[in-house]
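Atoms within a ligand are numbered from 1 in the order they appear, just like the ligands themselves.
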Amino acid sequence: METAVVTGGAGFLGSHLCDKLLNEGLKVICIDNLITGNVNNIAHLAGNENFKFIKHDVTNYIFIPGKVNYILHFASPASPVDYLQLPIQTLKVGSLGSHKALGLAKEKKARFLLASTSEVYGDPDIHPQREDYWGNVNPIGPRGVYDEAKRFAEALTMAYQRYHNVETRIARIFNTFGTRMRVQDGRAIPNFIMQALQNEPITVYGDGSQTRSFCYITDQVDGLFKLLMSDENEPVNIGNPEEISVLEIAKEIIMLTKSKSKIVFEELPVNDPKVRQPDITKAINKLGWKPIVKREEGLKDTIEYFKNLILK
Ligand code: UDP
């Protein structure tokens, strides 16, 4: 059996990835310091002989005995609210953490997959975003801690590929949603669902005309797995190209939850990208992947998940 290490494996994306890798017949070693991850996300894997959890901060040296075939580096705060509250940790895990994870990949002769982000494109001048666009990032703005850490991580990944011959993959992950997002996550979809289920005001930032394109978690992990197993060693966008304004998604969630919530408009965060939509031509052509879950379907599942959390 092959073995995969997932850093950030107790987080939203990481834990779904652990499930996917186990389902594909791999052994999984999950590493997480539980700053934004939660053991509840992997509790169902306790007792699974192919799964192991190590509580560790990957900005420090990572020691794993035995053979490792794949390293998937997913450790990082990922919600704008989180990385604004944890700016230094975000910079450290993107830089020092990526260095340690790549060092492990080199040592083990393992294939490395970096969880990068659409944030490398910043507030984009090109729409939709293609992988050959270099981005428009404010390095010293509040989002710079995440954006620049991920840009550095991409540069480091390419350097390990070119100079140490480590086999690497880079996923530029666009907005993704689904079960296991935290109640306090702070991102638009969990916020809106929690607010709607409790008939509280829905907080739309700015006038809500900014756009995002939301991918359901099952599609996202399928895309990530296909990228891992492909031979594409330059960045690939993984996301759902169906674009919607933030105001529209708020209305959609009110409708699906049959909520009495009213929309309130709050201040737009600094450097909040005005538009975002992945061009997924490369993923379609190179990975044979594209998302298949309709947003409404994904939202219904996510709403059920949050409903059950409230009842607990
Ligand atoms: N947003 C909002 N209300 C919220 C949370 C987020 O209007 O309660 C907006 C946010 O300003 C951004 C979009 O929704 O324009 C998506 O934000 P999110 O935090 O989900 O992630 P981002 O795409 O900015 O990384």
Side-chain angles (χ1 to χ4, degrees), residues 8 11-13 36 74 76-87 90 94 115-124 127-129 135-138 141-151 171-217 220 237-254 257 259 261-278 295 298-299 302-303 306:
F12 159 56
L13 277 182
T36 58
F74 278 68
S76 177
S79 148
V81 171
D82 288 335
Y83 55 75
L84 296 187
Q85 280 169 4
L86 303 164
T90 302
S116 186
T117 169
S118 54
E119 283 282 326
V120 300
Y121 302 122
D123 190 3
H127 192 67
Q129 291 75 55
N136 177 36
V137 170
N138 175 4
R143 300 173 87 99
V145 296
Y146 184 67
D147 304 7
E148 295 296 1
K150 290 291 188 182
R151 289 169 67 97
R172 292 197 178 139
I173 300 171
F174 282 65
N175 293 66
T176 300
F177 71 101
T179 59
R180 303 187 194 156
M181 290 185 103
R182 289 170 305 146
V183 168
Q184 304 293 347
D185 179 278
R187 278 178 280 193
I189 289 185
N191 269 10
F192 294 168
I193 292 178
M194 284 305 294
Q195 291 160 345
L197 289 175
Q198 297 172 103
N199 295 310
E200 286 171 1
I202 307 277
T203 54
V204 167
Y205 302 157
D207 61 6
S209 63
Q210 70 273 30
T211 67
R212 295 293 186 272
S213 309
F214 295 98
C215 182
Y216 192 55
I217 183 66
Q220 181 61 242
N237 291 337
I238 308 283
N240 189 321
E242 208 175 298
E243 188 181 12
I244 185 173
S245 75
V246 169
L247 184 59
E248 284 306 314
I249 192 114
K251 288 181 184 165
E252 201 167 287
I253 289 172
I254 292 176
T257 50
S259 172
S261 294
K262 295 275 172 289
I263 290 172
V264 295
F265 294 93
E266 295 190 354
E267 205 176 325
L268 189 67
V270 176
N271 297 147
D272 197 286
K274 284 178 274 306
V275 289
R276 183 181 289 157
Q277 183 191 27
R295 188 176 57 240
L299 281 174
T302 313
I303 289 165
F306 278 103

Show the distances, to 0.1 Å, for all pairs joining an N/O atom of ligand 1 and a protein N/O atom that are shorter than 3.5 Å, listing one pair per line.
| residue | atom | partner | partner atom | Å |
| --- | --- | --- | --- | --- |
| ligand 1 | 3 (N) | T203 | O | 2.5 |
| ligand 1 | 7 (O) | Y205 | N | 2.7 |
| ligand 1 | 8 (O) | N191 | ND2 | 2.8 |
| ligand 1 | 8 (O) | T203 | O | 3.1 |
| ligand 1 | 8 (O) | T203 | OG1 | 2.9 |
| ligand 1 | 8 (O) | Y205 | OH | 3.3 |
| ligand 1 | 11 (O) | D272 | OD2 | 2.6 |
| ligand 1 | 15 (O) | Q210 | NE2 | 3.0 |
| ligand 1 | 15 (O) | R212 | NH2 | 3.4 |
| ligand 1 | 15 (O) | D272 | OD1 | 2.7 |
| ligand 1 | 15 (O) | D272 | OD2 | 3.3 |
| ligand 1 | 20 (O) | A188 | N | 2.8 |
| ligand 1 | 23 (O) | N175 | ND2 | 2.8 |
| ligand 1 | 23 (O) | R212 | NE | 2.6 |
| ligand 1 | 23 (O) | R276 | NH1 | 2.8 |
| ligand 1 | 24 (O) | R143 | NH2 | 2.9 |
| ligand 1 | 24 (O) | R212 | NH2 | 3.2 |
| ligand 1 | 25 (O) | R143 | NH2 | 3.3 |

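Shown here are the side-chain contact (heavy atoms from CB on, under 4.5 Å) partners of N271, two or more places apart in sequence or in another chain: N138, P142, R143.
Counting heavy atoms from C-beta outward, S118 and P278 have side chains that stay 4.5 Å or more apart. Between F177 and L299 there is a side-chain heavy-atom pair separated by less than 4.5 Å. E119 has its side chain within reach of R276: a pair of non-hydrogen atoms, C-beta onward, lies under 4.5 Å apart.
Checked for salt-bridge contact, E242 and R295 meet the test: a charged N lies under 4.0 Å from a carboxylate O. Salt bridge present: R212 and D272 bring a charged side-chain N and a carboxylate O closer than 4.0 Å.
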